[in-house]
Amino acid sequence: MKIIEINDGEDINEMLDRAGADSEEEVLIKLGAGRYEGPVTIDRPNTIIEGADAFSTVITGSLGAYEIMEDGLKRGTFRTQTLFIDADNVKLKNLTVENTAGDGDKAGQAIALYADGDGLLFENCRFLGHQDTLFTAPLPEKEVEPGGFRGPKENAPRRMGKHYYKNCYIEGDVDFIFGGAEALFENCEIHSLKRDKGYITAASTPKEAEFGYVFYKCRFSSDSDDATYYIGRPWREYAKTVLIECELGKHIAGEGWHDWNGRGSGGGVYYAEYSSHGFGAADDRRAGFAHILTEDEAEKYKALFLKNR
């Protein structure tokens, strides 16, 4: 294994170039405490980025979708990312990735992490933003509006990947975990910032995928006690999101899940919970298109985590 150490103020992209093109060799890049300016792109497989700890090692950026570019067009969602992973078998540990563009009403969508790859692992990390903090690729096949996917993977083949987030903290307010990957979240804190109405997940799971987002023993917290936040709404009509033994705060609306212009009740979406607890746990007000799993049904989701440890 090749090891490269980086100190505060150095350029992560330059150090990634130094790692070389031999993607068969695993490379460990150790970041010292400090703030590192994005955007950063990891396009080399078998790369590990490890910080000193999740609070003192920060990769930061501030690009927002409403920014007007030189060509007169808005930057758009998928050119805002602070950190872009475009490779398989990449691991991030003990660091923060943030987008400080601010409130989505003013800055627009602002991605902290754009994760596109298979076998991605994130452990003891923090992902901070407002709207669209964490994007778990692939993109849907087609955008709703022309130019909506403008960015590095707009015309690339869509490829499913598996992601695993363990002991992470993810923060935002609108659709702040979104995309099409099969993504497992274990023992993570999912924190909703204060606003009048919020949405946590916006999955775009492909029709053929068995799983989308699965949260296991996660804590859904918030700065707000107002029950106006939804666990998920479907970015596309086959969105899949399942919660297993999760703690839900007061901010979770009784319905739990949002319809988003009829997509939820169209028959393709799969939203489910098992053994939710806390003030926002499942009750008789849950949306009619959502499911409460039996113990046997929940076991197949628990098995995903045992398989990936």
From [X] [atom1] over to [Y] [atom2], what is the distance, rounded to the nearest 0.5 angstrom?
{"X": "Phe289", "Y": "Glu255", "atom1": "CZ", "atom2": "CD", "answer": "9.0 Å"}
{"X": "Tyr164", "Y": "Leu121", "atom1": "OH", "atom2": "CG", "answer": "8.0 Å"}
{"X": "Glu123", "Y": "Cys188", "atom1": "CD", "atom2": "SG", "answer": "10.0 Å"}
{"X": "Asp259", "Y": "Ser265", "atom1": "CG", "atom2": "OG", "answer": "3.5 Å"}
{"X": "Tyr216", "Y": "Leu243", "atom1": "OH", "atom2": "CG", "answer": "13.0 Å"}
{"X": "Leu120", "Y": "Leu113", "atom1": "CG", "atom2": "CG", "answer": "8.5 Å"}

Identify the two heavy atoms, one from [X] and one from [Y], that lie closest to each other, and give their separation to 0.1 Å.
{"X": "Met160", "Y": "Glu182", "value": "CE-N, 3.7 Å"}
{"X": "Ala52", "Y": "Gly32", "value": "CB-C, 4.4 Å"}
{"X": "Ala181", "Y": "Pro138", "value": "N-CD, 3.8 Å"}
{"X": "Leu16", "Y": "Thr41", "value": "CD1-O, 3.2 Å"}
{"X": "Leu248", "Y": "Arg286", "value": "CD1-NH2, 3.5 Å"}
{"X": "Leu31", "Y": "Tyr36", "value": "C-OH, 3.9 Å"}

Assign the ring pair His163 / Phe122 to parallel, tilted or perpendicular, where the plane angle (0 to 90°) is split at 30° and 60°.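 Geometry flag for Phe122 against His163: perpendicular rings.
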Are there over 12 heavy-atom neighbours, none belonging to Lys91, within less than 6.0 Å of that residue's NZ?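 It does not: Lys91 NZ has 12 such atoms or fewer within range.
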Does any non-hydrogen side-chain atom of [Y] lie less than 4.5 Å from one of [X]?
{"X": "Phe178", "Y": "Thr77", "value": "yes"}
{"X": "Val269", "Y": "Lys240", "value": "no"}
{"X": "Ile200", "Y": "Ser192", "value": "yes"}
{"X": "Leu28", "Y": "Lys2", "value": "no"}
{"X": "Lys197", "Y": "His258", "value": "yes"}
{"X": "Glu25", "Y": "Arg44", "value": "yes"}
{"X": "Arg233", "Y": "Asp175", "value": "yes"}

Hydrophobic cluster identity match, [X] and [Y], side-chain contacts under 4.5 Å:
{"X": "Leu128", "Y": "Phe185", "answer": "no"}
{"X": "Tyr301", "Y": "Ile190", "answer": "no"}
{"X": "Tyr230", "Y": "Trp260", "answer": "no"}
{"X": "Ile42", "Y": "Ile12", "answer": "yes"}
{"X": "Leu134", "Y": "Val40", "answer": "yes"}

Is the closest basic N to carboxylate O distance between [X] and [Y] below 4.0 Å?
{"X": "Lys302", "Y": "Glu245", "answer": "yes"}
{"X": "Glu98", "Y": "Arg35", "answer": "yes"}
{"X": "Glu50", "Y": "Lys93", "answer": "no"}
{"X": "Asp71", "Y": "Arg150", "answer": "no"}

Here's a test for you: under side chain to side chain contact (heavy atoms under 4.5 Å, CB included), which of Ile59, Asn13, Leu83, Leu63 qualifies with Pro39?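 Exactly one option meets the side chain to side chain contact (heavy atoms under 4.5 Å, CB included) with Pro39, and it is Leu63.
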Identified side chain to side chain donor-acceptor pair (under 3.5 Å) partner of Ser221 from the options Lys250, Glu171, Glu189: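 With Ser221 as partner, side chain to side chain donor-acceptor pair (under 3.5 Å) holds for just one option, Glu189.
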Proximity of Phe215 and Phe220 rings by center, below 6.0 Å: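 Aromatic pair counts; centres sit under 6.0 Å.
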Would you say the ring centers of Phe127 and Phe176 fall short of 6.0 Å from each other?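 When the ring centroids of Phe127 and Phe176 are compared, they turn out to be at least 6.0 Å apart.
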Can you list every ring pair (Phe, Tyr, Trp, His ring centres under 6.0 Å) pair that touches residues 55-111, not counting sequence neighbours?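 Qualifying pairs, neighbours excluded: Phe78-Phe135, Phe78-Phe149, Phe84-Tyr114.
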Please answer whether the main-chain N or O of [Y] pairs with a side-chain N or O of [X] as donor and acceptor at a distance below 3.5 Å.
{"X": "Ser204", "Y": "Gly180", "result": "yes"}
{"X": "Thr201", "Y": "Ala203", "result": "no"}
{"X": "Asn99", "Y": "Ile111", "result": "yes"}
{"X": "Tyr229", "Y": "Leu193", "result": "yes"}
{"X": "Asp88", "Y": "Asp118", "result": "yes"}
{"X": "Thr82", "Y": "Thr60", "result": "no"}

Name all residues meeting the salt bridge (charged side-chain N to carboxylate O under 4.0 Å, His left out) criterion together with Arg158; count only those two or more places apart in sequence or in a different chain, and write none if there are none.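 Here no residue qualifies.
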Listed by chain and number, what are the salt bridge (charged side-chain N to carboxylate O under 4.0 Å, His left out) partners of Glu67, not counting sequence neighbours?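 Glu67 satisfies salt bridge (charged side-chain N to carboxylate O under 4.0 Å, His left out) with Arg75 only.
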Might you work through the side-chain contact (heavy atoms from CB on, under 4.5 Å) test for Thr228 and Asp196, ending with a clear yes or no? CA-CA 7 Å; Thr228 56; Asp196 292 339; 5.9 Å; no
Decide whether [X] and [Y] meet the rule of one side-chain donor and one side-chain acceptor closer than 3.5 Å.
{"X": "Arg126", "Y": "Thr96", "answer": "yes"}
{"X": "His130", "Y": "Asp173", "answer": "yes"}
{"X": "His251", "Y": "Asp223", "answer": "no"}
{"X": "Tyr213", "Y": "Thr136", "answer": "yes"}

Check step by step if side-chain contact (heavy atoms from CB on, under 4.5 Å) holds for Tyr274 and Val242. CA-CA 8 Å; Tyr274 172 75; Val242 174; over 6 Å; no
With side-chain contact (heavy atoms from CB on, under 4.5 Å) as the criterion, how do Leu293 and Ile244 come out once you've worked through the C-alpha distance, each side chain's angles and the decisive distance to 0.1 Å? CA-CA 9 Å; Leu293 300 177; Ile244 306 292; 3.9 Å; yes
Quick one: do Leu92 and Ile85 satisfy side-chain contact (heavy atoms from CB on, under 4.5 Å)? Show the steps, please. CA-CA 10 Å; Leu92 261 60; Ile85 296 175; 4.0 Å; yes
